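Quick notes on the structure that follows.
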There are 2 protein chains.
Amino acid sequence: MGKNLTKRSEDYSKWYNELVVKADLAENSAVRGCMVIKPYGYAIWEKMQAELDRKFKETGHQNAYFPLFVPKSLFEAEEKNAEGFAKECAVVTHYRLKTDPEDAGKLIVDPNAKLEEELIVRPTSEAIIWNTYKGWIQSYRDLPLLINQWANVVRWEMRTRLFLRTAEFLWQEGHTAHATRQEAIDETEQMNNIYADFAENFMAIPVIRGRKTESERFAGAVDTYCIEALMQDGKALQAGTSHFLGQNFAKAFDVKFTTKEGKQEHVWATSWGVSTRLMGALIMTHSDDNGLVLPPNLAPIQVVIVPIYKGEEQLSQISEVANEMVKALRAKGVSVKYDDRDTYRPGAKFAQYELQGVPVRIAIGPKDLEKGTVELARRDTLSKEFVSQNEIEQKVPSVLEDIQRNLHQRATTYRDEHITEVNSYEEFKEVLEVKGGFLSAHWDGSIETEQKIKEETKATIRCIPFDAVQESGICFYSGKPSNQRVLFAKAY
Amino acid sequence: MGKNLTKRSEDYSKWYNELVVKADLAENSAVRGCMVIKPYGYAIWEKMQAELDRKFKETGHQNAYFPLFVPKSLFEAEEKNAEGFAKECAVVTHYRLKTDPEDAGKLIVDPNAKLEEELIVRPTSEAIIWNTYKGWIQSYRDLPLLINQWANVVRWEMRTRLFLRTAEFLWQEGHTAHATRQEAIDETEQMNNIYADFAENFMAIPVIRGRKTESERFAGAVDTYCIEALMQDGKALQAGTSHFLGQNFAKAFDVKFTTKEGKQEHVWATSWGVSTRLMGALIMTHSDDNGLVLPPNLAPIQVVIVPIYKGEEQLSQISEVANEMVKALRAKGVSVKYDDRDTYRPGAKFAQYELQGVPVRIAIGPKDLEKGTVELARRDTLSKEFVSQNEIEQKVPSVLEDIQRNLHQRATTYRDEHITEVNSYEEFKEVLEVKGGFLSAHWDGSIETEQKIKEETKATIRCIPFDAVQESGICFYSGKPSNQRVLFAKAY
């Protein structure tokens, strides 16, 4: 253990990569671009899953499970979607290995076990799901159909980074069917709001809600809503998307329903998802040069208690106090670990829990036994104070709440300080270079301009914010008229 | 809706297939051998997951996630394991599609995107996990390593059946590493006991614990423990397995640790798993000719309330009573649904909930309003009684407990009646043919005998029960000596 982390100011990207590995969140595997999510990282993901799943169910969604594989002919059915994912998909062509006739210790693909039709490992499941919905939807009584899936998906990305972009990742994908256009649009909006609420209030990550431009839309969508977060290096990160799919998939897979009035109509669709990418957002929003910083809502261990002792007798006295605290805090719903391992010294434990972002650390030494105190350290502010043992039960829950609030506040302040209104291309380039963050600017609405700006600066339009003020202005790039500002940024 | 189920006595297999589809549990997909788990089926699986996950964590295990793909060279590393799964694995050979030059609307595999090394879609994860453990285990302080994964796996089975045998299925796989042989054996046993406890007390399925014979062992295991259940058609079903892997994988992947004394030793391993196959066991243990029968512990809806009314006014009076009941029962932790849909008649609703195995149905009609009663129907016994509205809050929880107990009791009685001691080959064949179930018989311990019996009768040794009495006897097939009975059966 031990820190030895590269500083963010030295090399942000290196800091991130080191932190993910050293804090035991994830690591690269033997499979190119695929990660192993380690127990500590997975425990955080499980907390995200549980909260999202609760929110989905609360709004009437049910979970289901659809096949990992998509036959090529189905994959092709919705043209834009197919086009969007064809270049990066893993293809299963055979279903058997056999012993290599030239080397009995080796296996080779059995040429006699070639599939008649290739199978695509799902990069997203619209195709297989809409092909299934065809059999599930006949009447208005079958609508709305509100389904979510927790699954792994594969996109054969060439440049990968742990959590942020991996060939295989974990996610949830909601796929809903509705009788009317408006109902589908309302669902798209509802789910984007659920993501925003989750990010802000559970992950302590401030996000901006908006819609994507045409060129940044999901392949096959009519409209893509999103939440955009800002990382500490001034780059934006798309944290979740919710798509209004119109009738594109219903038409591609011929999914019609009989209305109350007896007419046949194509249904309206949405899909929406967040992924293990949120782990990247979490890490890059809150953490510091000492390691991970976790909001208490997501911390697998909220409080760790470390004994500082010489000899068995001291340990047993400290343990008595510690175990009482563990009991009292657990009764209040706090997750506490008492780390009395004798295989590590207190200093090594302190370093480990700091690196792993445990929100509150309580140390109990011989002097504390005398004085009836403990030392309480906060991970977010790195501050320490002595607290009476009697007060711990009351104090800790309020400190945890305060940490959750403080992290959100801190990130919001940073984000707000990094939204800059710019009105000329010079200004745009300078702010992008020097300060980063979101650039709020007028844009003429054309794909051409958007494309040129991207080529020249690497900045993209992250979203057209829902709360943007309608104001007339001129595009900083083309000089053409515009009626609202959009947000540009370099992005993950 | 409506029953129209084939009777079990007519065609058990057809009854099963129909039930799975009609009760909305699962269906076949467009991908050969892969199923879609529908929301109602998935809700049951989620309840299994939650309870198992709780048991795993309670015994110190943590969840993690490992890649879907296994590079061929890793797959080969443990020879027996590779041999066991090579004949049924999905192989990814390419990572991109491109537009068909002869038909712009079609996609074909891009021959320029061939992988240097083929990837196997995991049929089980020992290989990829043990390759990872190599980096995680250095010292005795890193042990035991107690990890579980919830995942999808793929085995290219030729004959598939919903839940029982599908090309893709969902499961959990535990993979643990230990410093000593004994500790690994204890873990193997502990996990088999957890499975047995789960089956008996949560799923209400009686199981027999035992070990597999050499020829029925998991590929790569030194010893395989299992739990075996008996279905209503007299066939056995392996419901869970726990493997002692010895040092096979540690040696294949060179995973060593430094002992307290500073020596280098290979670690000892276990793996254990249960899958969506348990859904098949659940269905075939309890259900009847009217449809699914669910133990209350696993029922997504434990109680359904159906109003019987004419006109809005009656409905509103009934709803008032029903909503009070819903509130009172939910406060007691009972999951209740009040089905006041006006798009279906009461008869259709009754048929649906009977088919879907909802344990308790409460009907409220105009006469019940007058008398202050409701009609309470039990799914397990198909019995009905009138209960005072005031008593519902007390009555329902105890009825649910009684149903859970009754189902276990009923299945145990059936199972016990279908364990037959046989002492000659004639007897063996006759009981197998006429009665089915488990045949408790002396076996000479040889693979040859086991193999011949299988060829001649299709019966296999399901397990060597842990509680078998040591008694000297002679093998019913070969006449050679034996010192305990083993259990034969035809199996799923």
Side-chain angles (χ1 to χ4, degrees), chain A residues 27 29-31 34-43 45-46 62-72 74-76 79 82 86-99 105-107 109 113 118-121 128 131-132 135-136 141 147 151-152 154 156 168 170 343-344, chain B residues 27 29-31 34-43 45-46 62-72 74-76 79 82 86-99 105-109 113 118-121 128 131-132 135 141 147 151-152 154 156 168 170 343-344:
Chain A
E27 65 183 36
S29 76
V31 190
C34 292
M35 64 181 160
V36 172
I37 307 179
K38 300 184 78 172
Y40 193 64
Y42 199 83
W45 174 241
E46 279 183 318
Q62 294 181 293
N63 289 331
Y65 189 76
F66 298 86
L68 171 66
F69 301 126
V70 188
K72 187 162 68 66
L74 289 186
F75 184 78
E76 287 166 346
E79 206 178 336
K87 284 181 189 151
E88 51 181 29
C89 58
V91 188
V92 176
T93 56
H94 292 75
Y95 59 84
R96 190 163 65 221
L97 297 175
K98 65 168 198 173
T99 305
K106 298 279 171 192
L107 294 167
V109 173
E118 294 89 349
L119 299 174
I120 315 305
V121 181
I128 189 80
N131 183 63
T132 308
W136 293 5
R141 299 196 296 187
I147 289 184
N152 52 344
V154 172
W156 209 260
E168 181 193 17
L170 303 184
T343 41
Y344 293 92
Chain B
E27 64 184 35
S29 76
V31 190
C34 292
M35 64 181 160
V36 172
I37 307 179
K38 300 185 78 172
Y40 193 63
Y42 199 83
W45 175 241
E46 278 183 318
Q62 294 180 293
N63 288 331
Y65 189 76
F66 298 86
L68 171 67
F69 300 126
V70 188
K72 189 163 66 69
L74 288 186
F75 184 78
E76 288 165 347
E79 207 179 337
K87 284 179 191 153
E88 51 180 30
C89 58
V91 188
V92 176
T93 56
H94 292 75
Y95 59 85
R96 191 164 64 220
L97 296 175
K98 65 168 196 172
T99 305
K106 296 279 172 194
L107 294 167
I108 56 167
V109 173
E118 294 90 350
L119 298 174
I120 315 306
V121 180
I128 190 80
N131 184 60
T132 308
R141 298 197 297 187
I147 289 184
N152 54 344
V154 172
W156 209 259
E168 181 192 16
L170 303 184
T343 42
Y344 292 92

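Since this is a predicted model, take the numbers as computed values, not measurements. Just so we're on the same page: letters track the sequence lines, and every chain starts at 1.
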> Which residues pass the side chain to side chain contact (heavy atoms under 4.5 Å, CB included) test with B:K106, sequence neighbours left out?
Replying inline: A:E76, B:D100, B:D103
> Which atoms of B:L107 come close to chain A, meaning under 4.5 Å heavy atom to heavy atom: side chain ones, backbone ones, both, or neither?
Replying inline: both
>> Please classify the contact of B:E88 with chain A as side chain, backbone, both or neither, using a heavy-atom distance under 4.5 Å.
In response: backbone
For the atom pair [atom1] ([X]) and [atom2] ([Y]), what is the distance rounded to the nearest 0.5 Å?
{"X": "B:I128", "Y": "A:C34", "atom1": "CD1", "atom2": "SG", "answer": "8.0 Å"}
{"X": "B:I108", "Y": "A:E118", "atom1": "CD1", "atom2": "CD", "answer": "9.0 Å"}
{"X": "A:S29", "Y": "B:L74", "atom1": "OG", "atom2": "CG", "answer": "9.0 Å"}
{"X": "B:K38", "Y": "A:N63", "atom1": "NZ", "atom2": "CG", "answer": "15.5 Å"}
{"X": "B:K87", "Y": "A:T99", "atom1": "NZ", "atom2": "OG1", "answer": "7.5 Å"}
{"X": "B:Y65", "Y": "A:N152", "atom1": "OH", "atom2": "CG", "answer": "3.5 Å"}

> If every non-hydrogen atom of B:A90 is compared with every non-hydrogen atom of A:F69, which pair is closest and at what distance?
Replying inline: CB-CZ, 4.1 Å
>> Quick one: does any side-chain atom of B:E168 pair with a main-chain N or O of A:L68 as donor and acceptor, under 3.5 Å?
In response: yes
>> Test side-chain contact (heavy atoms from CB on, under 4.5 Å) on B:W156 and A:V92; report intermediate values, then the result.
In response: CA-CA 12 Å; B:W156 209 259; A:V92 176; 5.8 Å; no
Among [options], single out the residue with the greatest number of heavy-atom pairs under 4.5 Å to chain A.
{"options": "B:C89, B:G41, B:A43, B:G105", "answer": "B:C89"}
{"options": "B:L119, B:V121, B:L170", "answer": "B:L170"}
{"options": "B:P71, B:A30, B:P67", "answer": "B:P67"}

>> Please rank A:F75, A:Y42, A:W45 by heavy-atom pairs under 4.5 Å with chain B and give me the top one.
In response: A:Y42
>> So for A:Y40, is it side chain, backbone, both, or neither that comes closer than 4.5 Å to the heavy atoms of chain B?
In response: neither
